[in-house]
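Presented below is the structure to which this report refers.
Side chains are part of it too, since the values below use all heavy atoms of this structure and drop only hydrogens, waters and symmetry mates. So you know, we letter chains A, B, ... as the sequences are listed, proteins then strands, and number each from 1.
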There are 2 protein chains.
Amino acid sequence: MKRALNFNAGPAALPEWVLEEAKKTWMDFNHTGMSVMELSHRSKTYDDVHNEAIMRLRNLLSIPDNYEVLLLQGGASLQFTMIPMNILTKGKVGAYVLSGSWSQKALKEAEKIGETTVLASSKDSNYTFIPELDKNTIPENAAYVHITSNNTIYGTEWQDFPEGLSVPLVADMSSDILSRPINIEQFDLIYAGAQKNLGPSGVTVVIIKKDLLERSSDSLPTMLNYNTHAKSNSLFNTPPTLGIYLLSLVLKWAENIGGVESLAKVNSEKAKLLYDVIDESDGFYKGHAEKDSRSKMNVTFTLPTDELSKDFLNQAKEAGFVGLNGHRSVGGCRASIYNAVPVENVRQLADFMKKFQEQVK
Amino acid sequence: MKRALNFNAGPAALPEWVLEEAKKTWMDFNHTGMSVMELSHRSKTYDDVHNEAIMRLRNLLSIPDNYEVLLLQGGASLQFTMIPMNILTKGKVGAYVLSGSWSQKALKEAEKIGETTVLASSKDSNYTFIPELDKNTIPENAAYVHITSNNTIYGTEWQDFPEGLSVPLVADMSSDILSRPINIEQFDLIYAGAQKNLGPSGVTVVIIKKDLLERSSDSLPTMLNYNTHAKSNSLFNTPPTLGIYLLSLVLKWAENIGGVESLAKVNSEKAKLLYDVIDESDGFYKGHAEKDSRSKMNVTFTLPTDELSKDFLNQAKEAGFVGLNGHRSVGGCRASIYNAVPVENVRQLADFMKKFQEQVK
Ligand SMILES: Cc1ncc(COP(=O)(O)O)c(C=O)c1O
Ligand SMILES: Cc1ncc(COP(=O)(O)O)c(C=O)c1O
Ligand SMILES: [Mg+2]
Ligand SMILES: [Mg+2]
Ligand SMILES: [Mg+2]
Ligand SMILES: [Mg+2]
């Protein structure tokens, strides 16, 4: 069986090893005579799966003990509202850095809950760069600062994160979590839908500093209160057990290949392959992102004309590349090269890009 | 490979055919070279999976066109709060029938949102029966009446549903949806976590009458507003694609064996096997539920002493039966015999129960 050259933005390629492992246990998990989905979420066998997933994430990202790791449902989109519901307390203001569509959506949900402010934005340039955060603009009554670490649609990524803020830092890391080492202690809340770097869709990871949990009001709906899930080890109600098992396998795979340091090295290599083609194309391929804001996860580019972009996408599809269409807000092309995308596939894409350019000349 | 005798309350047994089918496509769905989880949720291939799941549910349950079928995340527990958020409008009261722990939890979430009232309850008898709903007790300003069609923990089930109510009827059908024919038009909103009769955990089905959607306020958080999902065919954000694929397979399996009429027939047969053992045991096995409230999905019973219950559970476990421990609120034993549990397995349990009783005498 030939694996596709999968450059989907999410849900995205998974490590072949993960698929093979899951297949092995599919009908009979751990000699139970049941698939993992058929286990009770209150059974010892499932509990081990659940705790292993959490422990692996803790180890891979060196998450200190004063942070909770929650495995939730609803996607990153539900976090857009859970965050202000839980931590945007009365009299405070949610402070947002706008670096793309997802931060805009996060802001929109916060506006429904309480006061908000925009600290910086690159909207006027169609989000071609990560705007500078000037600490002096953070209001004294800020409840938190929210950033989007990687902008999936525009292909920009924070290179360094704000340090020494006097208020909690919240980051949507949906599309670059586990792609590079981070210092968890710079953050107070990190969240990510699993479907790019962590596993299948249907699981959302929330990493939250324990002292932030004190803000959540008891009057919140039970399922929307972080404390509910923190207190019950994310087993308050039935968790998405199959998704969590697959998450755990992805994390095991990440451990096996050497953890985030190794992943980061390969990710840099992969991104360089594509950005080099862009930079050496004499302007034939034009990157959407400014160089100092380039994402290592989503490489966005356009061709000289819409017609050529179309041709490129059609021929790429013919050649077996999947998921290269750019999002409509940017147009052109996007190659999502998450952790599970093999270097070899990226090299094939780089070669294809070069050949396409030559052929057109 | 020997399949377990799985009587889990949920997540629960799935049809072996579903597991086999999913396994076949695991590494290469529909000749895409990708697993179904690796497909973009915006791709044609996934869209077909998604729509097929919805269409199959529509067909199996004869859902009329004036109802939306939503595929959400968060479990039935998130519906406990989404329902009052969306349809418990100002000045109105949410009216609940209490028939078990789940209805109590549903009520508790509604209390956080608005005014509520309890129309009937069997709490004083430890929920051994479905309380009678006297229509005259429904307040004029009721926003809706909420019932739990099957009480997973106590093993009771509504036999006939209220008819001709002047207010919308909302039902938590988590543990008996698709187990018997129902007249959808008696209901205005039906919801169910998938993990008993429909598939793996991580998918929640909501069937809602379109005119009820008018109640949801635009000020609701986007993800918690039913209209968001109705307008986007449950593709507003990334859906749990793998779970929905498995749901679709379960529904195909249900079609293949003849739909809900056939399922209901087999379910009655299975339930009779166990209730007959109870009724013919001279009081050795004592059903928790009163006869006219018995569930065909969860058969709950105790033995003469806690010691005997323990022995029974230990020996049953030894003999390969899984998931027979009763919930702590009832004690004793519970056999969950959802759609996917084969008659043959239930017969084995019935025989085991008879033998255990003989052996003890
Ligand atoms: C950065 C970012 N945030 C949020 C989301 C929304 O995630 P979900 O679909 O899980 O709600 C996405 C999805 O692509 C994303 O890339
Ligand atoms: C009748 C009923 N309602 C609600 C729930 C809660 O479902 P979930 O765990 O999907 O939130 C359950 C779970 O067992 C149930 O049986
Ligand atoms: Mg973006
Ligand atoms: Mg801090
Ligand atoms: Mg119950
Ligand atoms: Mg009605």
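- Within the model, atoms CE of B/Met223 and CD of A/Glu109 stand 9.0 Å from one another, a figure rounded to the nearest 0.5 Å.
- Heavy atoms closer than 4.5 Å to chain A are found in the backbone of B/Ala12, but not in its side chain.
- Here A/Leu39 is the residue among A/Val203, A/Leu5, A/Ile113, A/Leu39 with the most heavy-atom pairs under 4.5 Å with chain B.
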(message) What verdict does the side chain to side chain contact (heavy atoms under 4.5 Å, CB included) test give for A/Asn8 and B/Met34, after you've listed the backbone C-alpha separation in whole Å, the side-chain angles of each residue and the deciding distance to 0.1 Å?
(response) CA-CA 11 Å; A/Asn8 278 331; B/Met34 297 178 269; 4.0 Å; yes
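- Note that the CG atom of A/Asn225 and the OG1 atom of B/Thr81 stand 11.0 Å from one another [nearest 0.5 Å].
- Only the backbone of A/Ser219 comes within contact range of chain B, judged by heavy atoms closer than 4.5 Å.
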(message) Please evaluate residues B/Leu19 and A/Glu38 with respect to the criterion side chain to side chain contact (heavy atoms under 4.5 Å, CB included), reporting the C-alpha separation (whole Å), side-chain torsions for both, the decisive distance (0.1 Å), and the verdict.
(response) CA-CA 10 Å; B/Leu19 299 178; A/Glu38 297 178 299; 3.7 Å; yes
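- Going from atom CE of A/Met37 over to atom CG of B/Leu246 covers 5.0 Å, rounded to the nearest 0.5 Å.
- Looking at B/Thr32, only its backbone comes within 4.5 Å of chain A, counting heavy atoms on both sides.
- Distance check: B/Ser201 OG to A/Gln73 CD gives 7.0 Å after rounding to the nearest 0.5 Å.
- Residue with the most contacts toward chain B among A/Asn6, A/Val322, A/Leu242: A/Asn6 (heavy-atom pairs, distance under 4.5 Å).
- Between chain A and the options B/Glu20, B/His31, B/Met85, heavy-atom pairs under 4.5 Å are most frequent for B/Glu20.
- When heavy atoms are compared at a cutoff of 4.5 Å, B/Pro239 approaches chain A solely by way of its backbone atoms N, CA, C and O.
- Heavy-atom contacts from other residues, nucleotides or ligands closer than 6.0 Å to CD of B/Glu21 number more than 12.
- Checking side-chain atoms of A/Asp28 against main-chain N and O of B/Lys2 turns up no donor-acceptor pair under 3.5 Å.
- Of the listed residues (A/Ile244, A/Thr241, A/Thr204, A/Leu72), the greatest number of heavy-atom pairs within a distance under 4.5 Å of chain B belongs to A/Thr241.
- Of the inter-residue distances, the one linking A/Ser35 atom OG with B/Arg3 atom CZ reads 7.0 Å to the nearest 0.5 angstrom.
- Residue B/Ala340 does not touch chain A at all, counting heavy-atom pairs closer than 4.5 Å.
- B/Val36 does not touch chain A: none of its heavy atoms, backbone or side chain, sits under 4.5 Å away.
- Within the 3.5 Å criterion, the main-chain N or O of A/Leu220 finds a donor-acceptor partner in the side chain of B/Lys112.
- In the displayed structure, B/Glu318 atom CD is contacted under 6.0 Å by at most 12 heavy atoms of other residues, nucleotides or ligands.
- Two residues are said to be in side-chain contact when any heavy atoms from C-beta on lie closer than 4.5 Å; B/Lys105 and A/Thr222 fail this criterion.
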(request) Please report the C-alpha distance between B/Leu78 and A/Leu224 in whole Å, then the side-chain angles of each, then the deciding distance to 0.1 Å, and finally whether the side chain to side chain contact (heavy atoms under 4.5 Å, CB included) criterion is met. (result) CA-CA 8 Å; B/Leu78 186 59; A/Leu224 301 172; 3.8 Å; yes
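- The 12-atom threshold is not exceeded at CG of B/Asp218, counting heavy atoms of other residues, nucleotides or ligands nearer than 6.0 Å.
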